[in-house]
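Data block below; observations after.
Keep in mind that this is a model prediction, so the values were computed, not measured.
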Amino acid sequence: MDLELRQLRCLVAIVDTGTFTDAAIELGVSQAAVSRTLSALEHVLGARLLHRTSRSITPTTAGVQVLARARQLLAEADNLVREATTGHTRLRIGHAWSAIGRHTAEFQRRWAVRHPGVELLFVRTNTTTGGLAEGLCDLAVVRTPIDTQRYSHVQVGSEPRYCVMAADDPWAKRRSITLAEIAERVLMIDRRTGTTTADLWPPDKQPKLVPTNDVDDWLAAIAAGRCVGITPQATVTQYRRDGIVYRRVRDAPPVPVHLIWRRHDPHPATHAAIALLTELYSPRTAH
């Protein structure tokens, strides 16, 4: 016999209401049906779940464990139904580090005005697809190479690169830095979702690279003066921190900003998001 959600709902209802009679009223079934459903659940699990006396109903040791998992599974099932039924009334945009930088707030404001029927959510997930492969979002903003066999994509803009350093670093007094100068320093990078690789320098003039997997760890190491970093402009506005300054890398190539989505299952609002992002990244709207 397979485990069924209705059996778990029955167990939770009995415990929460305190009686089989009240559980039956809450579930809209007969008291006999409640008893049968509980017996079926205990048979499936091979364990007694409730102590029942004339005055009270309490979970057994096994019942306490099953009850906790039942609540979690029912909540997950409710979320699944909610996601499926809200469907296209919500647009989730994933990103690894810094969303769309200085355009993030304006994108949210304009979206709310132009598409009031579609709730917008930004989801930060430090993966190469910004959470798209994991099913956590409908679209993702990425600045790293794209699997074009699996995802559709469009470039919505590009961003200059900035060198990140401690506020008391000698370079903090300057307006810009060069790649050749950075090659003499220790450079912290995110190999998985970062945009900085050794390919920015000739093979014989590359900096020492130190890996990280988290933006907060990256910023903490830089603020402590242990290293410097290179990042797209989006990070400059998304992560303003005490002890950190950003200076333009004047001779580095810009970072392309792409929007990606599942090739065979695009969200209906995909093209609206593309249009608005392209508009915000356009030089005519730069600020």
Side-chain angles (χ1 to χ4, degrees), residues 95-109 122 124 126 130 141-145 155-259 277-287:
H95 62 97
W97 271 35
S98 50
I100 48 176
R102 64 195 178 102
H103 302 303
T104 303
E106 185 63 20
F107 182 91
Q108 292 171 310
R109 284 193 288 266
F122 278 99
R124 179 173 172 260
N126 199 38
V141 178
V142 297
R143 296 170 174 85
T144 51
Q155 182 174 342
V156 294
S158 63
E159 297 170 346
R161 298 177 196 254
Y162 282 75
C163 182
V164 195
M165 65 201 73
D168 59 355
D169 192 289
W171 286 355
K173 299 177 181 179
R174 298 172 51 180
R175 297 181 61 184
S176 64
I177 312 296
T178 66
L179 286 172
E181 291 173 312
I182 295 172
E184 303 298 323
R185 302 287 294 269
V186 176
L187 185 67
M188 181 167 278
I189 65 170
D190 182 343
R191 298 184 188 278
R192 184 172 50 174
T193 63
T195 56
T196 305
T197 68
D199 294 337
L200 286 172
W201 294 268
D204 60 337
K205 296 182 179 180
Q206 295 176 348
K208 178 182 178 181
L209 303 179
V210 177
T212 186
N213 291 316
D214 181 81
V215 64
D216 290 313
D217 292 343
W218 179 74
L219 289 169
I222 292 172
R226 289 161 38 200
C227 54
V228 296
I230 297 180
T231 190
Q233 187 181 38
T235 309
V236 178
T237 50
Q238 289 294 99
Y239 294 97
R240 297 186 182 278
R241 301 286 177 88
D242 290 339
I244 289 287
V245 296
Y246 299 88
R247 296 294 180 261
R248 181 80 170 264
V249 183
R250 61 177 178 265
D251 58 347
V255 177
V257 181
H258 285 86
L259 196 64
L277 278 175
T278 303
E279 176 184 322
L280 290 172
Y281 271 100
S282 169
R284 295 190 300 274
T285 58
H287 57 277

Any donor-acceptor pair under 3.5 Å from [X] side chain to [Y] backbone:
| X | Y | value |
| --- | --- | --- |
| Thr195 | Arg143 | no |
| Ser282 | Thr278 | no |
| Ser98 | Gly101 | no |
| Arg248 | Pro160 | no |

Tell me the closest heavy-atom pair linking [X] and [Y], and the distance in Å.
| X | Y | result |
| --- | --- | --- |
| Tyr239 | Tyr246 | O-OH, 2.6 Å |
| Leu200 | Thr196 | CD1-CG2, 4.0 Å |
| Asp217 | Met188 | O-SD, 4.4 Å |
| Leu209 | Ala198 | CD1-CB, 4.0 Å |
| Asn213 | Asn126 | O-ND2, 2.6 Å |
| Arg109 | Glu106 | NH2-OE1, 3.0 Å |

Can you check whether [X] reaches [Y] side chain to side chain, under 4.5 Å on heavy atoms?
| X | Y | answer |
| --- | --- | --- |
| Arg174 | Glu181 | yes |
| Val257 | His103 | no |
| Val228 | Ile222 | no |
| Val249 | Leu179 | yes |
| Val164 | Ile230 | no |

- [ ] Identify, with sequence neighbours excluded, every residue that meets side chain to side chain contact (heavy atoms under 4.5 Å, CB included) alongside Arg175.
- [x]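 If we apply the side chain to side chain contact (heavy atoms under 4.5 Å, CB included) test to Arg175, skipping adjacent residues, there are no hits.
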
Between [atom1] of [X] and [atom2] of [Y], what distance do you get to the nearest 0.5 Å?
| X | Y | atom1 | atom2 | result |
| --- | --- | --- | --- | --- |
| Ile182 | Met165 | CD1 | CE | 7.5 Å |
| Leu259 | Gln155 | CG | CD | 11.5 Å |
| Ile177 | Asp251 | CD1 | CG | 10.5 Å |
| Leu219 | Ile244 | CG | CD1 | 5.5 Å |
| Arg102 | Thr235 | CZ | OG1 | 13.0 Å |
| Lys208 | Gln206 | NZ | CD | 14.5 Å |

Open item on the list: I'd like to know if the side chain of Glu159 pairs up with that of Tyr281 as donor and acceptor (distance under 3.5 Å, no hydrogens or angles considered).
Closed with: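 Checked: Glu159/Tyr281 side chains pair up, N/O donor to acceptor below 3.5 Å.
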
TODO: Please say whether more than 12 non-hydrogen atoms of neighbouring residues, nucleotides or ligands are located less than 6.0 Å from CG in Asp242.
DONE: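 No, because the 6.0 Å sphere around CG of Asp242 holds 12 heavy atoms or fewer from other groups.
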
TODO: Give me the one residue out of Pro254, Pro232, Pro253 that meets side chain to side chain contact (heavy atoms under 4.5 Å, CB included) with Arg161.
DONE: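 Considering Pro254, Pro232, Pro253, a side chain to side chain contact (heavy atoms under 4.5 Å, CB included) with Arg161 is found only for Pro253.
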
Task: ring-ring contact (aromatic ring centres under 6.0 Å, His included): pairs with one or both residues in residues 186-227, sequence neighbours excluded - done: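 As it turns out, the ring-ring contact (aromatic ring centres under 6.0 Å, His included) pairs with a partner in residues 186-227, which skip direct neighbours, are Trp97-Trp218.
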
Open item on the list: Go through it in stages, so that I can follow the logic: the residues are Arg247 and Asp169, the test is salt bridge (charged side-chain N to carboxylate O under 4.0 Å, His left out), and I'd like the CA-CA distance, side-chain angles, deciding distance and then a yes or no.
Closed with: CA-CA 11 Å; Arg247 296 294 180 261; Asp169 192 289; over 6 Å; no

